[in-house]
Amino acid sequence: MANYIHVPDEAPAVPKIDVTVDESDYRPGALKLIKELRPSWKPSEVKMKFFTDGITNKLLGCYVGAVMRDVVLVRIYGNKTELLIDRENEVKSFRVLHAHRCAPRLYCTFNNGLCYEFLQGTALEPEDIRSQPVFRLIARQLAKYHAIHAHNGWVPQSDLWLKMGKYFALIPKYFKDPEQNARFNMEVPSPQCLREELVWLQQRLSLLGSPVVLCHNDLLCKNIIYNEAAGNVKFIDYEYAGYNYQAFDIGNHFNEFAGLNEVDYSHYPGRAFQLQWLRSYLEAYKEHKGQGSEVTDREVEVLYVQVNQFALASHFFWGLWALIQAKFSTIDFDFLGYAVLRFNQYFKMKPEATALNLPE
């Protein structure tokens, strides 16, 4: 899919710097990058701050002076994440979104990561994303992403099923640690069961008619930066960005209302809230597409059914992802426990979601 994301001609080129940053001794490598990107900064004066929210990569902020005004973010890719993420695709998505004023500037790539501009604002918490006026800002910003048109009238295809098939092939068969292995065998559905569900999902969701658009695909709270003074939200982290079903991106965001460290699915938004959110989204989406901003109840209802069924695919996707991370990641996070949570929620939601039918 990567070669289909078209970067506009006017987008600035992104230099590649031949530096590898050691995640346990990061300062020397980071300083080499800063020397290229901010030659006027004195190495002895460069301060570095670790951001600890991510569970895929390590993120480092480099700046000089007392205030974090001009900050260069250095993101060091997590161990073996190239199995999960198409890095070339990530850079293309970054550049496309920046060209449409939806993303910060990408300064460079290096051997095991990339450097980009820091956005001023606050990374959100689960309680923030359901509050006024924030949820409407998020809905409208996501609509802006989804309205970025494919190049030259090309009709984009989703790579969701391809990616899930690839993830399925990568899930571990066992774990070396006996305790972890016992938990894996006891609590995670068998490969045969997962394969059957994957086939069912593809057959079921492909019939829903959800449009394929440029998606963020990982819209969790910490990837949303709220700038209260400017009255806007921006999304960060485009590792999973690409063409996908519109309803997947929204359903995935609704699943994230549950949080990440203390996951609580009782926070999944109810119907009344979703209808408000989806109406805000559709108004903005139609405006960006030049289709006016009149939204019918039927359009909202169709999207509601699509989103709640695609939320199942989101649980399944991140369940597979977490099993692979449990094997390879060096980040201190209970990935196996997270996989169990996602698959449990998938099976819990399935009867309710499949009972929904598209309006006649």
Side-chain angles (χ1 to χ4, degrees), residues 1 4-11 92-103 129-130 132-160 205-219 223-224 230-235 238 240-254 269 271-311 313-314 356-360:
M1 292 310 296
Y4 288 120
I5 290 187
H6 174 76
V7 181
D9 298 336
E10 65 277 11
K92 284 185 176 179
S93 300
F94 218 126
R95 293 175 68 199
V96 167
L97 292 166
H98 177 66
H100 287 273
R101 295 197 291 281
C102 287
I129 62 174
R130 63 175 77 91
Q132 288 274 28
V134 177
F135 84 78
R136 290 188 195 280
L137 293 173
I138 294 168
R140 295 186 69 85
Q141 181 69 0
L142 192 59
K144 188 178 174 184
Y145 266 57
H146 290 175
I148 294 172
H149 58 87
H151 182 53
N152 285 347
W154 172 74
V155 179
Q157 305 287 314
S158 167
D159 62 353
L160 178 65
L205 302 184
S206 299
L207 300 174
L208 290 175
S210 182
V212 173
V213 295
L214 185 57
C215 290
H216 183 283
N217 287 326
D218 190 21
L219 206 52
N223 283 344
I224 304 170
N232 67 23
V233 294
K234 290 274 169 73
F235 305 150
Y238 317 108
Y240 300 94
Y243 287 109
N244 199 355
Y245 299 99
Q246 176 190 49
F248 178 93
D249 219 10
I250 301 171
N252 185 68
H253 175 60
F254 286 170
R271 180 176 160 87
F273 176 91
Q274 284 196 36
L275 295 180
Q276 273 187 301
W277 196 104
L278 295 171
R279 188 171 288 277
S280 289
Y281 166 87
L282 281 170
E283 285 166 0
Y285 182 66
K286 291 182 95 170
E287 279 165 32
H288 285 300
K289 298 290 265 184
Q291 300 166 350
S293 59
E294 278 299 301
V295 173
T296 65
D297 291 348
R298 187 182 182 281
E299 285 172 316
V300 177
E301 189 61 39
V302 165
L303 189 54
Y304 174 78
V305 173
Q306 291 169 333
V307 161
N308 286 279
Q309 295 198 7
F310 267 98
S314 151
L356 299 171
N357 290 308
L358 291 171
E360 291 301 317

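Just so it is clear, the values below take in all heavy atoms, side chains as well, and ignore hydrogens, waters and symmetry mates. These figures come from a predicted structure and were not determined experimentally.
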>> Would you say that more than 12 heavy atoms from the other residues, nucleotides or ligands in this model lie under 6.0 Å from the CD of Glu294, or not?
In response: no
> Is a donor on one side and an acceptor on the other found under 3.5 Å between the side chain of Asn217 and the backbone of Tyr240?
Replying inline: yes
> Partners of Arg140 by salt bridge (charged side-chain N to carboxylate O under 4.0 Å, His left out), sequence neighbours excluded?
Replying inline: Glu287
> Would you find a donor on one side and an acceptor on the other, under 3.5 Å apart, between the side chain of Asn223 and the backbone of Asp218?
Replying inline: yes
> Parallel, tilted or perpendicular for Phe254 and Phe273, by the 30°/60° rule?
Replying inline: perpendicular
> Minimum heavy-atom separation for Ser293 to Glu283, with atom names?
Replying inline: O-CG, 3.6 Å
>> Please check this pair: side chain of Ser210 against backbone of Ala247, looking for a donor-acceptor N/O pair closer than 3.5 Å.
In response: yes
> Is a donor on one side and an acceptor on the other found under 3.5 Å between the side chain of Gln274 and the backbone of Pro269?
Replying inline: yes
>> Determine whether Leu205 and Leu208 satisfy the following criterion, side-chain contact (heavy atoms from CB on, under 4.5 Å), listing intermediate values before the conclusion.
In response: CA-CA 5 Å; Leu205 302 184; Leu208 290 175; 3.7 Å; yes
> salt bridge (charged side-chain N to carboxylate O under 4.0 Å, His left out) with Arg101: which residues, sequence neighbours excluded?
Replying inline: none
> Is Arg298 reaching over with its side chain to a backbone N or O of Pro359, donor-acceptor style, under 3.5 angstrom?
Replying inline: yes
> Say you draw a straight line from NE2 of His288 to NE2 of His100; how long is it, rounded to the nearest 0.5 Å?
Replying inline: 11.5 Å
> side chain to side chain contact (heavy atoms under 4.5 Å, CB included) with Tyr304: which of Gln309, Arg279, Glu299, Arg271?
Replying inline: Arg271
> Which atom pair, heavy atoms only, marks the closest approach of Arg95 to Ala11?
Replying inline: NH2-O, 3.7 Å
> Can you say whether the rings of Tyr145 and Tyr238 are parallel (under 30°), tilted (30 to 60°) or perpendicular (over 60°)?
Replying inline: tilted
>> Please evaluate residues Ser314 and Phe248 with respect to the criterion side-chain contact (heavy atoms from CB on, under 4.5 Å), reporting the C-alpha separation (whole Å), side-chain torsions for both, the decisive distance (0.1 Å), and the verdict.
In response: CA-CA 7 Å; Ser314 151; Phe248 178 93; 4.0 Å; yes
>> If you compare all heavy atoms of Leu214 against all heavy atoms of Tyr243, which two are closest, and at what distance to 0.1 Å?
In response: N-CD2, 3.6 Å
> Parallel, tilted or perpendicular: which fits the ring planes of His216 and Phe235, with parallel below 30° and perpendicular above 60°?
Replying inline: perpendicular
> Mind checking whether Tyr281 and His146 have parallel, tilted or perpendicular rings, split at 30° and 60°?
Replying inline: perpendicular
